[in-house]
Amino acid sequence: MARARLVLAVILVATACTAESAPPRPAPPPSAAPAGPVVEYYEKWANGPNPTGDPKVFPINVWMQDPSSIENGGKIGTAYPEIGVAFGLGLWEDEWWYLRREGLLETGWRVYPDAKRVDAVLADTAHARNYVGYLIADEPDMNKVYGDVFHPEMQPSAILAKANEVRAKDPSRPTYLNFGVWMGTPGGGVGYGHIEKSYEEDMRTYCSAADIASADYYGWTHPDRGDRVGAFSYGEVIDTMRKWCGPDKPLYGFVETGHPHTHGETITPDQLESAVWNTILHGATGINYFAHSFYTEGRGEYSSVLTRPEITARVKAVNARLESLAPVLNAGNLPGVSAKSDNDIPVSVLHKEAEGAKWVIAQTDGDTARPRSGSARVGITVPVESGTATVVDENRTVSIENGKIVDDFGPYQVHVYRF
């Protein structure tokens, strides 16, 4: 669940510049993400998060907040948009929901309320823009068995039926589901139980209930992460979900901002930034922040993105950069680019065309052998023979020679090139 807990018996098995056109050359081996969903996907929902399909909107969310709560002297429904978090996923579904709704409307924030509130949302036509979709369930793949009790309402067919009921009542807003490790990690099938048809078909059925989906695995902070500690595990979640959800569905990266397990670690600003970018390099089309923290003495707090000043500052900066690059990030992924380091550090790369230019986004990545990545000199094959590329936000340029950019990277460092 986005509310973290220790998961036992999980075996996680690894795995503005000038340029001259080049004559036709053999295509380099692909290392970019699949073409992926396009921003026009959102146009089908008149009351959704981006009804006009605006390419300048890159969706950034935070999990399960109370807009009426006070942090740093102000209501968090106002504080989150100020740091670039446009949407809340969930609205604390309990007997105090009406107070949270009051806070939502007072601050003007926008959220995905629980699916059980569909009738209330439809009745509140005066505030239609504040409700952008419905949270159908959290971690149904894991919560079908909770505390040794089987919950049939969390089975794939039941979740799909629930989503379809909501879709029929309100086709103007998308359904959202967040999943856990059974859906989102390469070895998820090992621990998945109460199979309805087969593991693979169950995962596909689950994802068919979601118009937008995510899964949470906190690789930097999980107490049992072992050789999976590192930003690479966040991108691996996107890769794994893409198998079940197909090429066209928006998948959002899920990144913690605090101490999401009673044991384990607290994420640092650098780790957070590396994880956000790793999900994007692997095809995420939006970001979710998990701001809840839990500690061994039983203490918990639920808005760590706002209560940790160093995290607040970094999240604000990361979000601002994502917003500035939104037209690029929302463009389809193209072939024609590959990357290789000089020391076998993995490199992930995206190739885009937007705003009249070609773009390459690259990150030194990791794997179970090199979970913390490493510094490397990287050669990036690009679809022009020569020229100059601007390294965006770094006040420098690099040469393109013989169809290649060569540049230095630190561990999990990201460079964005425009040419």
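Treat the numbers as computed from the prediction; the structure is a model and nothing was measured.
Looking only at atom types and distance, the side chain of N143 has no donor-acceptor partner in the side chain of D138 under 3.5 Å away. A donor-acceptor contact under 3.5 angstrom links the side chains of N319 and Y289, judged on distance only. When only modelled atom types and interatomic distance are considered, S157 and E196 share a side-chain donor-acceptor pair under 3.5 Å. Between the side chains of K144 and Y192, a donor-acceptor pair is found at a separation under 3.5 Å. In this structure, a donor-acceptor pair under 3.5 Å is present between the side chains of D407 and Y417. Checking T364 against Q413 by side-chain atom types alone, no donor-acceptor pair falls below 3.5 Å.
A donor-acceptor contact shorter than 3.5 Å links the side chain of R308 to the backbone of T257. Of the possible polar contacts, one joining the N72 side chain to the L306 backbone as a donor-acceptor pair under 3.5 Å is found. For W92 (side chain) and M64 (main-chain N/O), a donor-acceptor pair under 3.5 Å exists by modelled atom type. No donor-acceptor pair closer than 3.5 Å links the side chain of H282 to the backbone N or O of I238. Using modelled atom types, no side-chain atom of S214 and backbone atom of F254 make a donor-acceptor pair closer than 3.5 Å. Without hydrogens or angle criteria, D141 side chain to M183 main chain gives a donor-acceptor distance under 3.5 Å. Judged by distance alone, the side chain of Q155 and the main-chain N or O of P152 form no donor-acceptor pair under 3.5 Å. Judged by distance alone, with hydrogens and angles left aside, the side-chain atoms of R167 form no donor-acceptor pair with the main-chain N or O of P171 at under 3.5 Å. Between the side chain of R372 and the main chain of V229, no donor-acceptor pair closer than 3.5 Å is present. Q363 places a side-chain N or O within donor-acceptor distance of the main-chain N or O of S274, the cut-off being under 3.5 Å.
Classification of the F290-H292 ring pair by plane angle, with boundaries at 30° and 60°, yields tilted.
Expressed to the nearest 0.5 Å, how far CG of D248 lies from CZ of R242 amounts to 8.0 Å. In this structure, L329 CG and R321 CZ are separated by 9.5 Å, a value rounded to the nearest 0.5 Å. To the nearest 0.5 Å, the span separating OG on S373 from CZ on F409 amounts to 10.0 Å. Here OG of S348 is found 5.5 Å from CG of L281. Values are rounded to the nearest 0.5 Å. Taking CH2 from W244 and CE from M203, the interatomic distance works out to 7.5 Å, rounded to the nearest 0.5 Å. I159 contributes atom CD1, which lies 10.5 Å from atom OG1 of T175 (distance to the nearest 0.5 angstrom).
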Exercise. Do R204 and Y199 pass the side-chain hydrogen bond (donor to acceptor under 3.5 Å, both in side chains) test, and can you show the C-alpha distance, the side-chain angles, and the key distance before you say yes or no?
Worked result: CA-CA 9 Å; R204 293 189 177 96; Y199 169 68; over 6 Å; no

For this session: Please lay out, stage by stage, how V349 and I361 fare under the test side chain to side chain contact (heavy atoms under 4.5 Å, CB included).
Result: CA-CA 6 Å; V349 63; I361 307 172; over 6 Å; no

For this session: Let me see the working for W220 and E256 under side chain to side chain contact (heavy atoms under 4.5 Å, CB included), right down to the final yes or no.
Result: CA-CA 9 Å; W220 276 123; E256 71 271 40; 4.0 Å; yes

Exercise. Where do D119 and K169 land on the side chain to side chain contact (heavy atoms under 4.5 Å, CB included) test, with the steps shown first?
Worked result: CA-CA 8 Å; D119 292 330; K169 281 189 171 184; 3.3 Å; yes

Exercise. When you look at W109 and Y80, which way does the ring pair (Phe, Tyr, Trp, His ring centres under 6.0 Å) test go after all the steps?
Worked result: CA-CA 8 Å; W109 202 30; Y80 276 116; 5.4 Å; yes

Problem set entry | Derivation of the ring pair (Phe, Tyr, Trp, His ring centres under 6.0 Å) call for Y234 and Y217 | CA-CA 7 Å; Y234 298 79; Y217 177 76; 7.5 Å; no

For this session: Please test H351 against N333 for side chain to side chain contact (heavy atoms under 4.5 Å, CB included), starting from the C-alpha separation and ending with a verdict.
Result: CA-CA 6 Å; H351 175 207; N333 299 321; over 6 Å; no

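At least one side-chain heavy atom of I287 sits less than 4.5 Å from a side-chain heavy atom of L322. Contact of the D202 side chain with the W182 side chain is not registered, since no non-hydrogen atoms from C-beta on lie closer than 4.5 Å. Taking the side chain as every heavy atom from C-beta outward, S304 and S293 approach each other to under 4.5 Å. Taking the side chain as every heavy atom from C-beta outward, T390 and E394 never approach each other to under 4.5 Å. Residues R314 and I311 form no side-chain contact, since every pair of their non-hydrogen atoms from C-beta on lies 4.5 Å or further apart. Residues V62 and L89 are not in side-chain contact: their nearest non-hydrogen atoms beyond the backbone lie 4.5 Å or more apart. Considering only heavy atoms from C-beta on, F58 comes within 4.5 Å of N330 through its side chain. Within the 4.5 Å cutoff, no side-chain heavy atoms of Y112 are placed close to those of L91.
Atom CD of E93 has more than 12 neighbouring heavy atoms from other residues, nucleotides or ligands inside a 6.0 Å radius.
Scanning for side chain to side chain contact (heavy atoms under 4.5 Å, CB included) contacts around D54 gives N50, T52, K56, V57, with sequence neighbours left out. With sequence neighbours excluded, the residues satisfying salt bridge (Lys or Arg N to Asp or Glu O under 4.0 Å) with K75 are E106. For the side chain to side chain contact (heavy atoms under 4.5 Å, CB included) test, residues two or more places apart in sequence or in another chain that qualify with D94 are W96, R100.
A salt bridge links D170 to R173: one of the charged nitrogens lies within less than 4.0 Å of a carboxylate oxygen. The pair D365-R370 fails the salt-bridge criterion, with no side-chain N (NZ, NE, NH1 or NH2) lying under 4.0 Å from an Asp/Glu carboxylate O. Salt-bridge check for K249 with D211: failed, with every basic side-chain N at 4.0 Å or more from each acidic carboxylate O.
Taking the six-membered ring for Trp and the full ring otherwise, H259 and Y295 have centroids separated by under 6.0 Å. The distance between the ring centers of Y176 and Y134 does not fall below 6.0 angstrom.
For the residue pair K340 and D344, the shortest heavy atom distance occurs at NZ-OD1, 4.0 Å. Here the closest heavy-atom approach between residue M142 and residue V181 is recorded as SD-N, 3.4 Å. Closest of all the heavy-atom pairs between S324 and P327 is O-CD, 4.1 Å. The minimum heavy-atom distance between P223 and G264, with the atom names listed, is CB-N, 3.7 Å. Here the shortest heavy-atom pairing between K352 and A331 reads NZ-O, 2.7 Å. Looking at every heavy atom in both residues, P59 comes nearest to Y252 through CG-OH, 3.3 Å.
By the 6.0 Å and 45° rule, K44 does not stack over the aromatic ring of Y42.
Shown are D124, N130, T125; of these, the side chain to side chain donor-acceptor pair (under 3.5 Å) with H127 is made only by D124.
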